[in-house]
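Contents: one structure, followed by commentary.
It should be emphasised that the depicted structure is a prediction, and the values quoted were computed from it without experimental measurement.
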Amino acid sequence: KVNSKSKITVNFLIPLLSKMINEHVVETSCGSVQITVRGIPRPKRPVILTFHDIGLNHKSCFNSLFNFEDMQEIVRHFAVCHVDAPGQEMGAKNFPQGYHYPTMDQLADILPQILKHFNVTSIIGLGVGAGAFILTKFALAHPDLVEGLCLININPCAEGWMDWAASKLTGLTGALDDVVISHLFSKEEVHNNLGMIQTYRHHISHDINQTNLHHFINSYNHRRDLDIERPVAGMHNYMTLKCHSLLVVGDSSPAVDAVVECNTRLDPTKTTLLKPAKLTEAFKYFVQGMGHMPGASMTRLMRSRTGSASSYTSIDSNRSRAHTGEGNRSRAHTLENTNMSQAAMESPLSSSPRSATMEHSGPQSAEVSC
């Protein structure tokens, strides 16, 4: 029996426990992987598992989002497990001689091993770019372990021949940071945000092991098509995500076409495509819709979305349909700077206004937009 004093103690400890951060090195079939756990996993409750994009790690991609004031309600309810792709963590050493960097499929295959290590039975995935692709592969192979996915700038297509040739040429003739910048940002962003781009160049060149980064980029560029298709009445033996999915992309992001293409392949009754809006509120509502956080507050914006099972029209439908056929040429990148602005990710990248998923200059209270 729990008395009122015990309840008070538990309520007092929950905020403290949610801020506990522990780093672990987990041995997997692909070698050692660094995992950062925030909070303590609770029985019968999923863990939020994140996976970053190329050129980043969990710190530069997600730290500020989870430190942002509006995310604290979510953090109090869930433990967060950040996965750094092999060799992408801060201070990583070169891989030993003869090490073969894992494919996208193999990176997805290590996730069950990580969950087993921490006795986690289900997750809500949050991935950006390459990380979104890996989490989708994982969900397709292990639908019983995934309750929901928030996929930011996902590209479900294999690298097209033109993109492959262009990236190959750039890799041979240009610096590695140029390759990453062209993946993370549109030409307009590069031109209009010189200071921010310089900050990212410094992070990519100095904080990420260059040899290891080259391997990760090469693995992503050799990804295979997800081979998912939208279920149709009477159709059998199709493959698509079985969990609820939230697709997020900036309105002018170069990933728009790829994300729209992904949306056309998923079950419309379980998928929402979100144009620029409050990301923290959208994620909170998404989690609440799965039966978690019943007391979470919702804004008028989020309530207006409750009537739509799939907001395909949240991005102008004419534009979306016109570009759908170009999905193969689109690249996933970090959350759109101009349309996913003020997303309050307290970046370790100096005073950069944009961390890999959002834009914000510090741990202030501000509207989180995507």
Side-chain angles (χ1 to χ4, degrees), residues 2 6-7 9-52 57-59 61-63 65-67 71-89 102 104-128 131-151 241-246 283-284 286-294 296:
V2 180
S6 299
K7 289 181 179 179
T9 302
V10 170
N11 291 335
F12 174 76
L13 288 176
I14 285 177
L16 299 178
L17 295 175
S18 68
K19 295 180 180 180
M20 291 178 56
I21 298 176
N22 294 291
E23 293 186 350
H24 306 262
V25 176
V26 178
E27 295 300 325
T28 72
S29 55
C30 294
S32 300
V33 177
Q34 180 165 305
I35 309 297
T36 303
V37 178
R38 177 171 183 163
I40 298 179
R42 304 184 201 178
K44 300 181 179 180
R45 184 170 296 183
V47 164
I48 295 174
L49 185 140
T50 75
F51 213 119
H52 58 86
N57 50 43
H58 88 271
K59 290 185 177 180
C61 199
F62 295 111
N63 259 15
L65 173 64
F66 285 95
N67 287 335
M71 282 291 287
Q72 298 316 298
E73 186 173 8
I74 294 175
V75 171
R76 283 195 297 270
H77 281 80
F78 300 94
V80 181
C81 180
H82 298 294
V83 179
D84 281 320
Q88 309 306 303
E89 69 275 9
M104 292 287 106
D105 288 21
Q106 290 171 330
L107 287 173
D109 289 341
I110 68 174
L111 296 182
Q113 302 168 39
I114 293 170
L115 298 186
K116 183 178 180 181
H117 178 88
F118 293 105
N119 295 317
V120 172
T121 57
S122 67
I123 69 155
I124 297 171
L126 174 59
V128 182
F133 186 92
I134 292 166
L135 287 176
T136 303
K137 294 288 293 186
F138 167 63
L140 290 170
H142 303 277
D144 55 314
L145 297 178
V146 183
E147 294 197 23
L149 289 176
C150 179
L151 305 172
L241 289 173
K242 293 181 172 58
C243 64
H244 290 279
S245 303
L246 175 64
F283 188 63
K284 187 187 299 183
F286 177 63
V287 171
Q288 186 185 40
M290 289 184 287
H292 303 293
M293 299 175 60

Atom pair OG (Ser32) and CG (Asp84), whose distance is rounded to the nearest 0.5 Å: 13.0 Å
Kindly give the heavy-atom pair with the smallest separation between Val146 and Cys243, and that separation in Å. O-CB, 3.6 Å
Passes ring-ring contact (aromatic ring centres under 6.0 Å, His included), Phe62 versus His58? Steps please. CA-CA 5 Å; Phe62 295 111; His58 88 271; 8.3 Å; no
Main chain of Val37, side chain of Glu23: is a donor-acceptor contact present, judged purely on distance under 3.5 Å? no
Quick check: closest heavy atoms across Phe51 and Ala85, and the distance to 0.1 Å? CE2-CB, 3.8 Å
For Leu151 and Ala132 the tightest heavy-atom approach is CD2-O, 3.6 Å
Of all the heavy-atom pairs spanning Phe286 and His244, show the shortest one and how long it is. CZ-O, 3.3 Å
Distance-minimising heavy-atom pair for Ala79 and Pro41: CB-N, 3.5 Å
Compile the donor-acceptor pairs under 3.5 Å between side chains in residues 105-113 and protein atoms, sequence neighbours left out, one pair per line.
{"from": "Asp105", "atom 1": "OD1", "to": "Lys137", "atom 2": "NZ", "distance (Å)": "3.2"}
{"from": "Asp105", "atom 1": "OD2", "to": "Arg224", "atom 2": "NH2", "distance (Å)": "2.5"}
{"from": "Gln106", "atom 1": "OE1", "to": "Thr103", "atom 2": "N", "distance (Å)": "2.9"}
{"from": "Gln113", "atom 1": "OE1", "to": "Ser29", "atom 2": "N", "distance (Å)": "2.9"}
{"from": "Gln113", "atom 1": "NE2", "to": "Ser29", "atom 2": "OG", "distance (Å)": "3.0"}
{"from": "Gln113", "atom 1": "NE2", "to": "Asp109", "atom 2": "O", "distance (Å)": "3.3"}

To the nearest 0.5 Å, how far apart are CD1 in Ile35 and CD in Glu89? 9.5 Å
How long is the straight-line distance from CG of Leu145 back to CD1 of Ile123, given to the nearest 0.5 Å? 8.0 Å
What are the two closest non-hydrogen atoms of Glu147 and Ser122, and how far apart are they? OE2-OG, 3.1 Å
Between Lys116 and Val26, does a side chain to side chain contact (heavy atoms under 4.5 Å, CB included) hold up when you go through it step by step? CA-CA 10 Å; Lys116 183 178 180 181; Val26 178; over 6 Å; no
Do any N or O atoms from the side chain of Gln88 and from the backbone of Pro86 form a donor-acceptor pair under 3.5 angstrom? yes
